[in-house]
Amino acid sequence: MRGLTVRQREVLLLAANGNSNQQIAEWRGVSVHSVAEILTAAYRRLGATDRAQAVAIALAVGELGVHQIQIPDQQREAAA
């Protein structure tokens with residue numbers, strides 16, 4: 001498995017933190033289609049079929065760190 005590119009890692013991290021493709025596109029100054037293409041390429045590199053699986057694999061292989069995932073306070077409270 002090849003590692004993710006810097007852009008793929010950044011976009012996957014934004015997705016892992018609960019952001020929609022639309023939000024990511026606005027922050028990165030690209031189209032929603034571009035975000036979808038970047039994520040699809042990341043899934044392919046990781047051998048994943050969807051966003052959740054890509055995040056799980058990226059965490060397992062060290063592409064993302066668990067400390068980079070932010071849990072909103074409401075979800076943190078609900079899980080406690």
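Note that these values count all heavy atoms, side chains included, but never hydrogens, waters or copies made by symmetry.
Considering every non-hydrogen atom in both L14 and N19, the closest pair reads O-ND2, 2.7 Å. Among all heavy-atom pairs drawn from Q8 and A41, the shortest one is NE2-CB, 3.2 Å. Shown here for A15 and L39, the closest heavy-atom pair between the two residues is CB-CD2, 4.3 Å. The shortest non-hydrogen separation linking V55 to A16 is CG2-CB, 3.6 Å.
No side-chain heavy atom of T5 sits under 4.5 Å from any side-chain heavy atom of I38. Contact of the N21 side chain with the R51 side chain is registered, since non-hydrogen atoms from C-beta on lie closer than 4.5 Å. Inter-residue side-chain proximity for Y43 and I57 is flagged as unmet; no heavy-atom pair is nearer than 4.5 Å. Side-chain atoms of Q53 and D50, non-hydrogen and from C-beta on, do get closer than 4.5 Å to each other.
Both V35 and W27 sit in one connected hydrophobic cluster of ILVMFWY residues. Membership requires side-chain heavy atoms under 4.5 Å apart, directly or through other members. Using a 4.5 Å cut-off between side-chain heavy atoms of Ile, Leu, Val, Met, Phe, Trp and Tyr, with links allowed through other members, V61 and L64 fall into the same hydrophobic cluster.
Atoms CD and CG, from Q70 and L13 in turn, are 8.5 Å apart once rounded to the nearest 0.5 Å. The distance from the CG atom of N17 to the CD1 atom of I69 is 5.0 Å, given to the nearest 0.5 Å. Between L59 atom CG and H67 atom NE2 the span is 10.0 Å, to the nearest 0.5 Å.
The salt bridge (Lys or Arg N to Asp or Glu O under 4.0 Å) contacts involving residues 15-42 comprise E10-R28, where partners must be two or more places apart or lie in separate chains.
Side chain of E63 to main chain of L4: a donor-acceptor pair is present (N/O by atom type, distance under 3.5 Å, no hydrogens or angles). For S34 (side chain) and V30 (main-chain N/O), no donor-acceptor pair under 3.5 Å exists by modelled atom type.
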